[in-house]
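Computed from heavy atoms alone, side chains included, the values below leave out hydrogens, waters and symmetry copies. Not measured: the values here are computed from a predicted model.
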Amino acid sequence: MNDGSPVSDHSTDQATDTFVAHRNLLFTVAYEMLGSAADAEDVLQETWLRWIKVDLAQVRDHRAYLVRITTRQALNRLRTMKRRKEAYVGSWLPEPMLTAPDVAQDVELAESVSMALMLVLETLSPTERAVFVLREAFDVSYDEIAAAVDKTPAAVRQIAHRARRHVDARRPRQAVSPSETRAALESFRRVIETGDLQGLIDVLAPDVVLVGDGGGIKQAAPRPVTGAQKVARFMIGGLAKNERPLTVTPTVVNGSPALLVHLDGELDGVMAISVENARITGLYYVRNPEKLTRVESETPLTLR
């Protein structure tokens with residue numbers, strides 16, 4: 001860091017060029033750690049303000065240094081978000097983002113930002129989440145992670161092992177191709193549009209879980225609904241009460257096929273799913289309008 005004296009225009013230009021070159025990576029790091037695009041943007045702003053004060057001549061690896069700053073700011077934000085989530089009305093889901101179709105083709109990236117995995121990451125401590133994300137998704141070295149989270153490399157290895165074991169016990173048991181997810185989603189869309197109760201039960205896994213996020217602004221299931229019969233009745237019952245015209249449109253959210261749900265032409269929510277053995281095991285319905293600002297234009301994500 002410098003002594004606070006003004007940096008030269010040349011240094012500022014170099015800092016800006018470097019930051020812009022890595023911006024998508026830094027946003028992805030922050031989003032995977034936070035599950036909130038709005039908070040990730042705030043973290044990037046804080047990262048930038050610190051980055052422009054750095055003496056770049058003293059920094060050997062600009063990318064690693066930027067990731068380190070971003071991680072520290074995201075960790076600070078995670079701890080304040082914990083209090084926010086404790087006061088949140090109903091279930092909390094990650095903020096969905098419209099992503100380019102090529103994200104779905106990058107299996108590693110698509111899984112790392114999937115709703116299912118992001119929810120598992122919510123069960124980790126802030127430090128465990130940071131270590132897991134940096135190591136598993138971005139392949140950051142243990143030494144670099146240690147510098148970012150203020151731990152020794154040996155401690156980081158232990159944390160990484162513990163977090164990996166925790167996540168592996170809860171993540172989907174098998175990889176599913178985008179085409180399999182699209183097929184399940186198309187079957188789901190058809191039965192939702194027709195109100196076919198038995199057809200809906202047939203596309204759901206017996207132990208399916210529905211999680212709805214209305215944030216206290218829109219109505220949603222106050223707690224997760226489990227089991228094909230209960231989920232199907234809950235969804236069909238909700239549709240029966242609705243008198244506004246329903247349209248369901250395929251899209252790609254968080255690197256996976258998803259649905260945009262409109263009522264009378266107005267966006268009502270985003271439905272993401274997880275699939276195993278051609279059946280839907282998880283339904284994640286985000287209705288909170290404060291979380292629907294990122295589904296109209298694509299957000300670029302990258303692990304590199």
Side-chain angles (χ1 to χ4, degrees), residues 1-37 39-79 99 102-103 106-113 117 121 124-164 167 255 299-304:
M1 304 289 285
N2 70 10
D3 59 5
S5 57
V7 294
S8 68
D9 289 343
H10 174 72
S11 296
T12 302
D13 290 345
Q14 186 183 2
T16 301
D17 291 345
T18 304
F19 185 85
V20 170
H22 296 298
R23 190 190 187 284
N24 292 347
L25 168 69
L26 302 178
F27 177 86
T28 309
V29 169
Y31 175 72
E32 288 196 24
M33 285 184 60
L34 301 171
S36 164
D39 285 283
E41 291 288 1
D42 287 344
V43 162
L44 256 63
Q45 180 65 21
E46 292 159 3
T47 298
W48 164 249
L49 293 175
R50 282 160 177 76
W51 175 243
I52 58 174
K53 296 177 182 176
V54 172
D55 180 358
L56 299 188
Q58 303 300 315
V59 178
R60 179 177 54 83
D61 186 333
H62 291 177
R63 176 185 180 275
Y65 201 92
L66 277 165
V67 168
R68 186 188 309 175
I69 299 174
T70 300
T71 299
R72 286 180 173 170
Q73 299 311 308
L75 270 173
N76 292 339
R77 180 73 50 140
L78 256 183
R79 293 175 180 124
T99 48
D102 60 349
V103 172
D106 185 333
V107 176
E108 192 178 356
L109 175 56
E111 187 199 10
S112 71
V113 296
L117 184 60
L121 296 183
L124 298 173
S125 73
T127 301
E128 285 174 337
R129 184 166 183 166
V131 170
F132 180 87
V133 165
L134 292 177
R135 184 62 189 166
E136 297 297 317
F138 299 94
D139 198 28
V140 177
S141 71
Y142 289 114
D143 287 347
E144 280 295 335
I145 298 174
V149 301
D150 293 324
K151 302 282 185 184
T152 66
V156 165
R157 286 179 182 274
Q158 290 183 328
I159 294 169
H161 176 73
R162 185 169 66 242
R164 190 182 306 115
V167 171
T299 299
L301 301 173
T302 183
L303 298 181
R304 294 159 193 89

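- Contact record, Leu301 with Thr28: CA-OG1, 3.4 Å, taken as the closest heavy-atom pair.
- Side-chain contact between His62 and Trp51 is present, with at least one heavy-atom pair separated by less than 4.5 Å.
- In this structure a side-chain-to-backbone donor-acceptor pair under 3.5 Å is missing from Arg72 to Val149.
- Here Phe19 contributes atom CZ and His22 contributes atom NE2; the two are 10.5 Å apart, rounded to the nearest 0.5 Å.
- With respect to the salt-bridge test (charged N to carboxylate O, under 4.0 angstrom), the residues Arg23 and Glu41 qualify.
- Side-chain contact between Leu117 and Val167 is present, with heavy atoms from C-beta onward closer than 4.5 Å.
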_Evaluate Tyr142 against Lys151 for side chain to side chain contact (heavy atoms under 4.5 Å, CB included), listing each step before the verdict._
CA-CA 10 Å; Tyr142 289 114; Lys151 302 282 185 184; over 6 Å; no
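- The only option from Leu66, Asp61, Val59 that meets the side chain to side chain contact (heavy atoms under 4.5 Å, CB included) definition with Arg63 turns out to be Asp61.
- Considering all non-hydrogen atoms of both residues, Met33 and Ala130 come closest at CE-CB, 3.5 Å.
- Here the closest non-hydrogen pair linking Val113 and Gly255 is CG2-N, 4.4 Å.
- Between Ala30 and Leu44, the shortest heavy-atom distance links the atoms CB-CD1, 4.3 Å.
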Could you walk me through whether Arg304 and Leu25 pass the side chain to side chain contact (heavy atoms under 4.5 Å, CB included) test, one step at a time? CA-CA 6 Å; Arg304 294 159 193 89; Leu25 168 69; 5.8 Å; no
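- Across Ser112 and Glu32, no two heavy atoms sit closer than the pair OG-OE2, 2.8 Å.
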For this session: Take Leu56 and Tyr65 through the side chain to side chain contact (heavy atoms under 4.5 Å, CB included) test and state the conclusion after the steps.
Result: CA-CA 10 Å; Leu56 299 188; Tyr65 201 92; over 6 Å; no
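- Closest of all the heavy-atom pairs between Ala148 and Leu134 is CB-CD1, 4.5 Å.
- No side-chain heavy atom of Phe27 sits less than 4.5 Å from a side-chain heavy atom of Thr302.
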Checklist entry - What do the steps show when you test Val43 against Thr47 for side chain to side chain contact (heavy atoms under 4.5 Å, CB included), and what is the final call? => result CA-CA 6 Å; Val43 162; Thr47 298; 4.0 Å; yes
